[in-house]
**Student:** 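Before anything else, here's the structure in question.
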Amino acid sequence: MPLYHGQHVGVAIALELDAGEAPRPVTIEIACLREDGSKQANGSTVTFSPGQGAVYDFALTFTDPPRLERRQIILSEQGNPENRAALWVEVYSAEQGAFGRPGAAAPADETLIAAFAQQLPLPLCDDHLAYLRRVNGQSYVWWQAPDWSRATAFYTALADYEEAHEEKLGLMRDIHTIFGFRSGHPHIGYPEDPGAFNFFAPEYLAHVVPVGVDAGGNLIVQALSGARRGKVYFLDHEYHFGMVEEVKEAIRSQRDGAFWEIMEPEALLPLAESFEAMIGLLDQHHSAMMEALRRFRLT
């Protein structure tokens with residue numbers, strides 16, 4: 001799992017033993033290649049043993065304009081090049097920098113914001129608009145554990161961190177992406193039709209707008225209608241599927257409050273009082289976890 005922090009792209013490294021193989025220190029040569037096979041960075045070597053986890057990071061420089069870049073990370077055992085592994089990573093070059101801070105990413109194009117807003121029955125909330133004009137979508141990775149043995153110190157530290165903050169984060173702990181307008185970044189960009197999400201009914205746009213998604217495919221939405229306007233909710237797709245037709249019929253009947261009466265409390269679960277409050281908490285914990293992971297770098 002690639003990790004992004006500052007001007008760095010990091011890869012998590014873990015060693016596996018063959019059956020009957022005795023543990024021994026291994027020196028790994030690391031290289032970062034562009035799609036054409038040329039070197040993006042000089043690379044380096046690290047030495048560690050099975051059972052140890054490490055995050056190795058590259059300081060990469062990209063040229064304008066911002067775009068989606070693909071890079072290949074090559075790991076090979078020194079003196080035994082056939083023992084190797086390769087990993088492709090995708091990096092949006094304008095995404096580098098501290099999330100949520102000035103200069104972290106280019107703002108969303110005002111024309112795209114306006115076109116999106118025109119498709120909605122109600123105006124976007126001010127804090128959501130301010131975010132798009134400051135940070136045009138982002139991905140959070142602090143909660144994502146690499147696919148290695150849970151016995152590693154890295155995984156133990158990650159699990160301890162999540163447990164210590166579980167009550168405060170709640171359903172935010174698995175938020176994967178906050179949407180923006182990036183046509184070159186399919187995992188962050190809004191679809192052209194704001195109602196065209198996998199399980200989101202377009203009729204819902206009269207009351208909520210998707211603003212993000214979690215690792216399980218549940219949408220994060222902000223309320224646009226009524227007294228709840230501005231609040232952020234977790235749209236649970238497991239409960240949602242059994243309510244779609246009932247909700248659509250209620251919306252068509254224009255019965256006041258019907259959408260919220262049906263969707264709460266099972267399908268729409270409260271996350272934050274505002275979009276701004278949610279982003280503040282996510283940024284805080286993302287930064288803290290990235291700093292914690294730095295202890296496991298071998299550089």
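Scope of the values below: all heavy atoms of this structure, side chains included, with no hydrogens, waters or symmetry mates. FYI, the numbering just counts along the sequence from 1.
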**Student:** Strictly below 4.0 Å, N to O, side chains only: are Glu110 and Arg133 in salt-bridge contact?
**Tutor:**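 Looking at Arg133 together with Glu110, the answer is yes, because their closest N to O distance falls below 4.0 Å.
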**Student:** How far does CG of Asp109 sit from CG of Leu132, to the nearest 0.5 angstrom?
**Tutor:** 11.5 Å
**Student:** Give the minimum heavy-atom separation between Ala206 and Leu122, together with the two atoms involved.
**Tutor:**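 Heavy atoms of Ala206 and Leu122 come nearest at O-CD1, 3.4 Å.
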**Student:** Show the nearest heavy-atom pair for residues Cys125 and Ala223, with the distance to one decimal.
**Tutor:** SG-O, 3.6 Å
**Student:** Look up atom CG in Asn80 and atom OG1 in Thr27, then write down how far apart they are to the nearest 0.5 Å.
**Tutor:**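 OG1 of Thr27 is found 12.0 Å from CG of Asn80.
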**Student:** Going by an N to O cut-off under 4.0 Å, is there a salt bridge joining Glu276 and Arg134?
**Tutor:**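 Judged by the 4.0 Å cut-off on N to carboxylate O distance, Glu276 and Arg134 do not form a salt bridge.
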**Student:** For Leu224, does its backbone N or O pair with a side-chain atom of Arg229 as donor and acceptor, under 3.5 Å?
**Tutor:** yes
**Student:** Side chains of Ser225 and Phe259: closer than 4.5 Å at any heavy-atom pair?
**Tutor:** no
**Student:** For a side-chain contact (heavy atoms from CB on, under 4.5 Å) check, start with the C-alpha distance between Ile113 and Leu129, then their side-chain angles and the critical distance, and finish with the verdict.
**Tutor:** CA-CA 8 Å; Ile113 294 177; Leu129 282 170; 3.6 Å; yes
**Student:** Is there side-chain contact between Leu205 and Phe200, with heavy atoms separated by less than 4.5 Å?
**Tutor:**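 Contact flag for Leu205/Phe200 side chains = yes.
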**Student:** Looking at side-chain heavy atoms only, is the closest gap between Met172 and Leu282 below 4.5 Å?
**Tutor:** yes
**Student:** Considering only heavy atoms from C-beta outward, does the side chain of Glu82 approach that of Glu77 to under 4.5 Å?
**Tutor:**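 No. Closest side-chain heavy atoms not under 4.5 Å.
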**Student:** Give, for atom CD of Gln222 and atom OG of Ser274, the distance between the pair rounded to the nearest 0.5 Å.
**Tutor:**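 Rounded to the nearest 0.5 Å, the CD-OG separation comes out at 8.0 Å.
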**Student:** Please step through side-chain contact (heavy atoms from CB on, under 4.5 Å) for the pair Asp283 and Gln138, ending with a clear verdict.
**Tutor:** CA-CA 10 Å; Asp283 283 343; Gln138 64 198 72; 3.3 Å; yes
**Student:** Apply the side chain to side chain contact (heavy atoms under 4.5 Å, CB included) test between Val221 and each candidate in Leu268, Val232, Val209; give the one that qualifies.
**Tutor:**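 The option that passes is Leu268.
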**Student:** Start with the C-alpha distance between Arg228 and Glu264, add both sets of side-chain angles, then the distance that settles salt bridge (charged side-chain N to carboxylate O under 4.0 Å, His left out), and finish with yes or no.
**Tutor:** CA-CA 12 Å; Arg228 298 169 182 81; Glu264 288 183 315; 3.0 Å; yes
**Student:** Flag yes if Val26 and Ile74 sit in one hydrophobic cluster, no otherwise; membership is Ile, Leu, Val, Met, Phe, Trp, Tyr, and two members link when side-chain heavy atoms are under 4.5 Å apart.
**Tutor:** no
**Student:** Step through the shown structure and confirm whether more than 12 heavy atoms of other residues, nucleotides or ligands are within 6.0 Å of CG on Asn83.
**Tutor:** yes
**Student:** Are the charged groups of Arg71 and Glu35 less than 4.0 angstrom apart, N to O?
**Tutor:** no
**Student:** Flag the pair Val211 / Tyr131 as yes when at least one side-chain heavy-atom distance between them is below 4.5 Å, and no otherwise.
**Tutor:** no
**Student:** For the residue pair Ile175 and Leu171, what are the closest heavy atoms and their distance?
**Tutor:** CG1-O, 4.4 Å
**Student:** Quick check: closest heavy atoms across Ala117 and Leu124, and the distance to 0.1 Å?
**Tutor:**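 Nearest heavy atoms, Ala117 then Leu124: CB-CD1, 4.3 Å.
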**Student:** Indicate yes or no: at least one non-hydrogen side-chain atom of Leu269 is less than 4.5 angstrom from one of Tyr233.
**Tutor:** no
**Student:** Could you check Ile30 against Val46 for side-chain contact (heavy atoms from CB on, under 4.5 Å), going step by step and ending with a plain yes or no?
**Tutor:** CA-CA 8 Å; Ile30 305 173; Val46 295; 3.9 Å; yes
**Student:** When you group the ILVMFWY residues by side-chain heavy-atom contacts below 4.5 Å and let the links chain together, are Leu33 and Ile73 in the same group?
**Tutor:** no
**Student:** Evaluate the side-chain proximity of Leu87 to Gln72: yes if any heavy-atom separation is below 4.5 Å, no if none is.
**Tutor:** no
**Student:** Quick one: sort the Phe116 and Phe181 rings into parallel, tilted or perpendicular, breaks at 30° and 60°.
**Tutor:** perpendicular
**Student:** Just say parallel, tilted or perpendicular for the rings of Phe275 and His128, cut-offs at 30° and 60°.
**Tutor:**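 It falls in the tilted class, 30° to 60°.
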**Student:** Are Met263 and Val208 packed together at the side-chain level, in the sense that at least one heavy-atom pair is separated by less than 4.5 angstrom?
**Tutor:**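 SC-SC contact between Met263 and Val208 ruled out.
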**Student:** What's the spacing between Leu75 CG and Thr45 OG1 if we round to 0.5 Å?
**Tutor:** 12.0 Å
